[in-house]
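So the structure is just underneath, and the comments pick up after that.
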There are 2 protein chains.
Amino acid sequence: MPDHQEKEQPRRRQARGERRMAQLLEAAAAVFCTTGYTAASTNAIAREAGVSPGTLYQFFPNKEAIAIELGERLVHELRDTYGEALAPVDPATPLEEAVGAAVDRFIAFNCNHPVFFALMHGPDIPGRIAEEHDALHATLLSRIAELLSSFLPEDTPGADVTRTAQMVLGVYKAGLELVLAHEGAEREAYVQELKDVLVRYLAPLVGPRLGRPAGTPATTD
Amino acid sequence: MPDHQEKEQPRRRQARGERRMAQLLEAAAAVFCTTGYTAASTNAIAREAGVSPGTLYQFFPNKEAIAIELGERLVHELRDTYGEALAPVDPATPLEEAVGAAVDRFIAFNCNHPVFFALMHGPDIPGRIAEEHDALHATLLSRIAELLSSFLPEDTPGADVTRTAQMVLGVYKAGLELVLAHEGAEREAYVQELKDVLVRYLAPLVGPRLGRPAGTPATTD
DNA sequence: GACAAACGCGAGTGGTCGCTCGCATTCTGG
DNA sequence: CCAGAATGCGAGCGACCACTCGCGTTTGTC
């Protein structure tokens with residue numbers, strides 16, 4: 001056996017093929033957005049892209065692979081463009097600022113790529129996508145936990161940090177859903193509300209000098 | 001036309017039939033819980049109940065009707081057993097107590113009826129279920145808004161109250177998901193965490209004398 | 001221009017699922 | 001006890017869907 005490649009290298013493609021793939025992924029994104037993954041039919045995706053079902057299968061081995069590829073590209077772009085949203089920050093940074101910046105970045109990404117939300121929240125998504133979702137979820141959790149560690153008192157038990165991180169991520173997702181459901185000024189208001197929830201939740205946990213709650217007036221008469 | 005009934009009265013049933021219906025609904029609950037609504041097949045439900053597909057259709061006109069009936073019974077039980085969870089409370093009640101009681105009741109209901117969560121969060125549930133979900137959602141929202149009104153300052157704009165209610169419900173759902181994902185002591189810890197999030201979020205909004213945050217020590221040295 | 005490979009098509013295939021139908025069995029009222 | 005209704009069955013029907021196949025078209029290469 002002179003040359004056995006277990007992994008099939010991606011077939012040699014012409015420029016036309018690359019364009020078709022992008023076009024198909026875009027169409028898939030649109031269909032997934034409106035109907036969700038399971039309800040989306042490959043024929044519908046092909047129709048949306050203006051090609052035949054056979055053409056679709058020239059570039060993707062099956063329906064799952066479309067979602068996988070889409071998900072991978074999204075995660076990649078998320079890491080590239082917004083990865084630093086959760087980069088370690090100077091612990092002297094006010095809590096409100098740190099939370100606000102992170103929330104703004106992730107909200108912006110989700111507003112620009114509504115498919116992301118659809119793919120990451122479908123309950124009946126197939127195995128590989130779920131894996132990717134879990135991986136991203138775990139990454140975010142550990143990043144958040146890491147950030148929290150730099151804000152929280154040093155004697156905070158690890159289990160508490162994890163729980164707080166889970167809570168922060170969960171609240172963020174809930175807020176994201178509300179933000180995406182509104183537009184314009186209302187959307188902005190919900191973004192602010194989400195920041196308030198997170199800041200007020202975390203403020204009592206951080207050191208007393210860093211964590212003055214958002215709504216507290218500086219002076220009391 | 002002596003007697004035209006647009007609504008077909010539910011066929012006359014024998015006791016056996018009622019038992020079968022309950023049995024089928026229970027089986028459906030189990031299947032919906034594990035696979036979700038769309039992925040659940042009527043044959044699987046019938047098999048779980050130990051009857052033939054034909055028997056299933058003796059009692060339910062279609063798959064959707066099963067979910068409808070199940071949802072209606074759950075909502076009914078929710079209203080009966082836990083309806084007072086959001087009943088108007090004495091505004092003198094401490095915020096923590098009011099939030100704690102409401103959260104405890106709803107968490108308990110969801111722990112006892114895991115189907116409820118499955119049915120109410122499936123994204124591709126058919127029209128009528130979605131209606132019911134929306135109705136329940138709206139009811140909860142107005143109840144929460146009502147309760148908030150009795151705590152919040154009287155000059156709070158209505159839009160703000162609505163937004164806060166949406167946020168509270170969203171945060172609750174996120175917390176519920178985390179609670180259901182854990183067991184034993186961890187579950188209890190998440191329940192407490194959820195209460196903390198809500199109390200700290202709402203505390204600054206209510207009158208200053210009522211809303212001392214949960215974690216704030218009474219004295220500072 | 002010639003050859004091969006990539007591209008493109010769309011009717012067709014196998015499988016699943018919601019649901020039906022004809023017939024057997026059990027129950028209820030008179 | 002008996003007629004009729006309610007209950008129960010399970011093979012099968014029609015629709016839909018992921019996916020394939022054979023064949024025609026375009027593109028890159030020499």
Side-chain angles (χ1 to χ4, degrees), chain A residues 5 8-28 31-32 34-70 119 122 124-129, chain B residues 3 5 8-28 30-32 34-70 119 122 124-129:
Chain A
Q5 320 186 209
E8 81 293 352
Q9 68 195 14
R11 255 167 100 171
R12 187 173 166 278
R13 300 231 181 273
Q14 306 179 343
R16 190 173 29 146
E18 294 292 341
R19 261 180 279 127
R20 275 271 181 269
M21 271 191 79
Q23 182 184 3
L24 282 165
L25 285 174
E26 193 177 346
V31 176
F32 288 158
T34 61
T35 70
Y37 174 79
T38 20
S41 85
T42 55
N43 290 13
I45 295 174
R47 202 181 317 123
E48 172 82 19
V51 303
S52 92
T55 298
L56 184 151
Y57 282 91
Q58 187 99 25
F59 302 98
F60 302 97
N62 51 47
K63 182 180 170 183
E64 183 175 352
I66 305 174
I68 302 285
E69 179 68 25
L70 199 52
L119 269 188
D124 38 11
I125 46 186
R128 276 284 276 110
I129 287 271
Chain B
D3 177 274
Q5 321 188 206
E8 79 295 349
Q9 69 196 10
R11 252 166 102 173
R12 187 171 166 284
R13 298 239 128 84
Q14 305 179 346
R16 194 175 23 147
E18 293 293 341
R19 261 181 279 128
R20 274 274 180 266
M21 272 192 80
Q23 183 184 2
L24 283 165
L25 285 174
E26 193 177 344
V31 177
F32 288 157
T34 59
T35 69
Y37 173 79
T38 21
S41 85
T42 56
N43 289 13
I45 295 174
R47 202 180 319 121
E48 172 83 19
V51 303
S52 91
T55 298
L56 186 152
Y57 282 93
Q58 187 99 20
F59 301 99
F60 302 97
N62 51 49
K63 180 180 171 183
E64 183 176 351
I66 305 173
I68 302 284
E69 180 68 24
L70 198 54
L119 269 188
D124 39 9
I125 44 185
R128 276 282 278 111
I129 288 272

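Quick note: numbers below take in every heavy atom, side chains included, and nothing from hydrogens, waters or symmetry partners. Note on naming: letters A, B, ... go to the chains in the order of the sequence lines (proteins, then strands), and numbering restarts at 1 for each one.
Following rounding to the nearest Å, B/R20 (CZ) and D/dG8 (C1') show an atom-to-atom distance of 8 Å. The interatomic distance linking B/R13 (CZ) with D/dG8 (C1') rounds to 13 Å, in whole Å. Atom CD in A/Q58 sits roughly 16 Å away from atom P in D/dC23 (whole-Å rounding). Note: CG (A/L24) to P (C/dC7) measures 12 Å, nearest angstrom. Remark: C1' of C/dT16 and CZ of B/R47 are 12 Å apart, rounded to the nearest angstrom. The distance between atom CE of A/M21 and atom P of C/dA6, rounded to the nearest whole Å, is 15 Å. We find that CZ of A/F59 is positioned 16 Å from C1' of D/dC19, with the value rounded to whole Å. Rounded to whole Å, the distance from CG on A/L56 to P on C/dG10 is 14 Å.
Among C/dG10, C/dA6, D/dC17, the nucleotide with an atom closest to any side-chain atom of A/R12 is C/dA6. Of all nucleotides listed (C/dC9, C/dC19, D/dG8), C/dC9 comes nearest to the side chain of A/T55. Here the nucleotide nearest the side chain of A/S41, chosen from D/dA18, C/dG18, D/dG8, is D/dA18. Residue A/K63 places its side chain closer to D/dA18 than to any other of C/dG8, C/dC9, D/dA18.
The residue A/F60 sits apart from the nucleic acid: no heavy atom pair falls under 4.0 Å. B/N43 comes within 4.0 angstrom of a base, heavy atoms only. Within 4.0 Å (heavy atoms only), A/A40 reaches sugar-phosphate atoms of the nucleic acid but no base atom.
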For each nucleotide in nucleotides 20-26 of chain C, reading 5' to 3', give B when a protein heavy atom comes within less than 4.0 Å of its base, S when such contact involves only the sugar-phosphate, and - otherwise. B-----B
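In this structure, B/T42 reaches the C/dG18 phosphate: one of its side-chain N or O atoms is under 4.0 Å from OP1 or OP2.
Here A/I45 contributes atom CD1 and A/I66 contributes atom CD1; the two are 4.5 Å apart, rounded to the nearest 0.5 Å. Rounded to the nearest 0.5 Å, atoms CZ (B/R47) and OG1 (B/T42) are 9.5 Å apart. If you take CG on A/L56 and NZ on A/K63, they are separated by 11.0 Å, rounding to the nearest 0.5 Å.
Here the shortest heavy-atom pairing between B/A40 and B/V31 reads CB-CG1, 3.5 Å. Nearest heavy atoms, A/A49 versus A/Q23: O-NE2, 2.8 Å.
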Side chain to side chain contact (heavy atoms under 4.5 Å, CB included) between A/Q58 and A/R20, worked out: CA-CA 10 Å; A/Q58 187 99 25; A/R20 275 271 181 269; over 6 Å; no
Evaluation steps, side chain to side chain contact (heavy atoms under 4.5 Å, CB included), between A/L24 and A/V51: CA-CA 9 Å; A/L24 282 165; A/V51 303; 3.8 Å; yes
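Enclosure of atom CD in A/E64 by more than 12 non-hydrogen atoms of other residues, nucleotides or ligands within 6.0 angstrom is indicated. Counting heavy-atom neighbours within 6.0 Å of A/E26 CD, excluding the residue itself, gives a total of 12 or less.
Where the helix from C/dG1-D/dC30 to C/dG30-D/dC1 starts and where it ends, the local axes point in directions that differ by 20°; five pairs per end, rounded to 10°.
Counting only residues at least two apart or in different chains, ring-ring contact (aromatic ring centres under 6.0 Å, His included) contacts with residues 37-61 of chain A comprise A/F32-A/Y37.
Comparing B/A15 and B/A39 along DNA chain C, the residue whose closest nucleotide (by nearest heavy atom) sits nearer the 5' end is B/A39.
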